[in-house]
Amino acid sequence: MKNTYYLLKNGELRRKDNNLIVKACDGSEKVIPIETVKEIYIMGEVNVNSKLMTFLSQNSIILHFFNYYGFYSGSYYPKEKLVSGSLLVKQVEHYRSKEKRVELAREVLKSASYNIKRNLRYYNERGRDLEDEIKTIKNLRKHLDRQNEINELMGVEGNIREGYYRAWNKIVNQDINFEKRVKHPPDNMINSLLSYVNSLVYTTVLSEIYHTQLNPTISFLHEPSTKRFSLSLDIAEIFKPILGERMIFSLLNKNMINEDSFEKEMNSLYLKDSARKVILQKYDSRLKQRIRHKVLKKNVSYRYLIRLECYKIIKHILGEKNYEGFKIWW
């Protein structure tokens, strides 16, 4: 079974024979057999070399890099082995056709907003009085079917997110005045958590796209651009509520993350290494959690749900089956 490895300590990562060697600054070493590696997150200052990168590329292993403050820096995306020229052409066609692009973008947002609504309903049923917020989002979702431009869809998505975020002060037990999303830099505990956790979801989606024939730079909701894998941003919208945001609520309400988990620098708030470790353990566990799939009639992991989403998009692009985005059914 392959695993995700998170390197939080400073040190060195190198190849030795057919294994990876992780050497920390304190001199300790760990041997990792290459066949057990799914992907690697580098979150400390770790030295790597071209010999290692070639080895990782040969084994189709992605490296995700995070900086000192826990912000995502980029990914080493090995040469793709699952390539399909015909799929690439059709993926581009769906981007260039306004009608086809809007159709996919709309379905992404309908799924994402449905999952947001389910999060609110979950906490409403546990006594948080979120009826007004649920009603607002329910009404906003109806507007998605009326929009025929990407910027109009994004505008509705922004309003849905705004209403959703307002509800967080009722969901979270801790005294955090969360008014709006602030990214650069995050100014309070929730914004700092969101920045970190959203990066984890984004990189997980990117890793799953890599194992399909989809091109990660051609997207439908977000504008394709240089320096980013915009299709990951599209698909991550669907899974952020269930993978990331429910986890944030749980971490805060169980007091696993609190004021002591952060350090302040100027007007910014950053997660301490110990807090990042808590989050990574929880996140990794969440990805491995298995549920009974109502269509496949078998148990699948949350991570595999993302892969399935990629396959559904491929079928839509090839004209085999209309895309229907993932919606929580339990």
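Considering only residues two or more places apart in sequence or on other chains, R166 meets the salt bridge (charged side-chain N to carboxylate O under 4.0 Å, His left out) condition with E162. The side chain to side chain contact (heavy atoms under 4.5 Å, CB included) search around N322 returns H316, not counting sequence neighbours. Not counting sequence neighbours, the partners of E208 by the salt bridge (charged side-chain N to carboxylate O under 4.0 Å, His left out) test are R303, R307. Under the rule for a salt bridge (charged side-chain N to carboxylate O under 4.0 Å, His left out), E35 has no partner lying at least two apart in sequence or in another chain. Scored by the side chain to side chain donor-acceptor pair (under 3.5 Å) test, S232 finds no partners at all (sequence neighbours excluded).
The neighbour count for E99 CD, taken as heavy atoms of other residues, nucleotides or ligands under 6.0 Å away, does not exceed 12. Around atom CD of E324, no more than 12 heavy atoms belonging to other residues, nucleotides or ligands sit under 6.0 Å away. Residue Q289 places its CD atom among more than 12 non-hydrogen atoms of other residues, nucleotides or ligands, all under 6.0 Å distant. Around the NZ atom of K81, the shell of radius 6.0 Å holds more than 12 heavy atoms that belong to other residues, nucleotides or ligands. Counting non-hydrogen atoms of neighbouring residues, nucleotides and ligands closer than 6.0 angstrom, the CZ atom of R126 exceeds 12 such neighbours. When the shell of 6.0 Å around CD of E45 is examined, it contains 12 or fewer heavy atoms from other residues, nucleotides or ligands.
Inter-residue side-chain proximity for H64 and M43 is flagged as unmet; no heavy-atom pair is nearer than 4.5 Å. The shortest side-chain heavy-atom distance between N18 and P33 does not fall under the 4.5 Å cut-off. Side-chain contact between L252 and I171 is absent, with no heavy-atom pair separated by less than 4.5 Å. Looking at V201 and I306, their side chains never come closer than 4.5 Å, going by heavy atoms from C-beta outward. Side-chain contact check for C310 versus I209: some heavy-atom pair is nearer than 4.5 Å. A heavy-atom distance below 4.5 Å is not found between the side chains of T36 and K2. For the pair I279/L200, a side-chain contact is recorded, criterion being any heavy-atom separation below 4.5 Å from C-beta on. Between N255 and Q174, the closest side-chain pair of non-hydrogen atoms falls below 4.5 Å.
Here the OH-CG distance, from Y165 to N191, works out to 8.0 Å after rounding to the nearest 0.5 Å. Taking NZ from K100 and CD1 from I317, the interatomic distance works out to 10.0 Å, rounded to the nearest 0.5 Å. Interatomic distance, CG of L193 versus CG of L271, reported as 5.5 Å (0.5 Å rounding). Between the CD1 atom in I176 and the CG atom in N169 there is a gap of 8.0 Å [rounded to 0.5 Å]. Distance OG/S225 to CG/L233: 10.0 Å, rounded to 0.5 Å.
Here the closest heavy-atom approach between residue L153 and residue R106 is recorded as CD1-N, 3.9 Å. Minimum interatomic distance between L221 and I150 (heavy atoms only, all atoms of both residues): O-CG2, 3.4 Å. Smallest separation of non-hydrogen atoms from V156 and L140: CG1-O, 3.5 Å. Residues F220 and R101 share a closest heavy-atom pair of O-NE, 2.6 Å. Pairing each heavy atom of L120 with each of L130, the nearest pair is O-CD1, 3.5 Å. Nearest approach of S199 to F66, heavy atoms of both residues: CB-CE2, 3.6 Å.
A donor-acceptor pair under 3.5 Å is absent between the side-chain atoms of S230 and the main chain of H222, judged by distance alone. With hydrogens and angles disregarded, no donor-acceptor distance shorter than 3.5 Å links the side chain of Q91 to the backbone of L87. Between the side chain of R290 and the main chain of N299, a donor-acceptor pair closer than 3.5 Å is present. Remark: the backbone N or O of S73 is not paired with any side-chain donor or acceptor of N67 at under 3.5 angstrom. A donor-acceptor contact shorter than 3.5 Å is absent between the side chain of T217 and the backbone of F229.
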*Go through the steps for S60 and H211 under the test side chain to side chain donor-acceptor pair (under 3.5 Å), then give the verdict.*
CA-CA 9 Å; S60 304; H211 294 288; over 6 Å; no
*Dump the intermediate steps for side-chain contact (heavy atoms from CB on, under 4.5 Å) on H143 and E152, then the final yes or no.*
CA-CA 10 Å; H143 290 276; E152 292 172 352; over 6 Å; no
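Grouping Ile, Leu, Val, Met, Phe, Trp and Tyr residues whose side-chain heavy atoms lie under 4.5 Å apart, directly or via other members, places Y69 in a hydrophobic cluster with Y68, F71, Y270. By the 4.5 Å side-chain criterion applied to Ile, Leu, Val, Met, Phe, Trp and Tyr, I21 is assigned to a cluster that also includes V31. Residues L7, L13, L20, V22, I32, I34, V37, I40, I42, V46, V48, L52, M53, F55, L56, I61, L63, F65, Y76 make up the rest of the hydrophobic cluster containing Y5, defined by ILVMFWY side-chain heavy atoms closer than 4.5 Å, directly or through other members.
Note on L214 and L305: same hydrophobic cluster, where clusters join Ile, Leu, Val, Met, Phe, Trp and Tyr whose side-chain heavy atoms are under 4.5 Å apart, directly or indirectly. Both I314 and L296 are assigned to one and the same hydrophobic cluster, defined by single-linkage of ILVMFWY side chains at heavy-atom distances under 4.5 Å. Note on Y311: it clusters hydrophobically with F239, by side-chain heavy-atom contacts below 4.5 Å among ILVMFWY residues. Side-chain heavy atoms closer than 4.5 Å link hydrophobic residues (I, L, V, M, F, W, Y) into clusters, and following such links, possibly through other members, connects L318 to Y323. Linking Ile, Leu, Val, Met, Phe, Trp and Tyr whenever their side-chain heavy atoms come within less than 4.5 Å leaves M189 and V182 in two separate clusters.
Between the side chains of R14 and N49, no donor-acceptor pair of N or O atoms lies under 3.5 Å. Donor-acceptor pairing under 3.5 Å is lacking for the side chains of Y72 and T203.
Counting only residues at least two apart or in different chains, salt bridge (Lys or Arg N to Asp or Glu O under 4.0 Å) contacts with residues 169-191 comprise E133-K170. Within the structure, salt bridge (Lys or Arg N to Asp or Glu O under 4.0 Å) pairs that include any residue of residues 278-289 comprise D284-K288 (at least two apart or interchain). Residue pairs meeting the salt bridge (Lys or Arg N to Asp or Glu O under 4.0 Å) criterion with at least one member in residues 234-245, sequence neighbours excluded: R161-E245, E237-K240.
Between F178 and W168, the ring planes are tilted. Angles from 30° to 60° get that label.
A salt bridge is defined here as a Lys NZ or Arg NE, NH1 or NH2 lying under 4.0 Å from an Asp or Glu carboxylate O, and E309 with K312 meets this definition.
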Which donor-acceptor pairs under 3.5 Å do side chains of residues 107-118 form with protein atoms, sequence neighbours excluded?
residue : atom : partner : partner atom : Å
E107    : OE2  : G325    : N            : 2.8
E107    : OE2  : K327    : NZ           : 3.4
K110    : NZ   : D145    : OD1          : 3.2
S111    : OG   : E107    : O            : 3.0
S113    : OG   : L109    : O            : 2.7
S113    : OG   : K110    : O            : 3.2
S113    : OG   : R141    : NE           : 2.8
Y114    : OH   : R118    : NH1          : 3.3
N115    : OD1  : I328    : N            : 2.9
N115    : ND2  : S111    : O            : 3.3
N115    : ND2  : I238    : O            : 3.1
N115    : ND2  : F326    : O            : 3.3
R118    : NH1  : I328    : O            : 3.2
R118    : NH2  : W330    : O            : 2.5

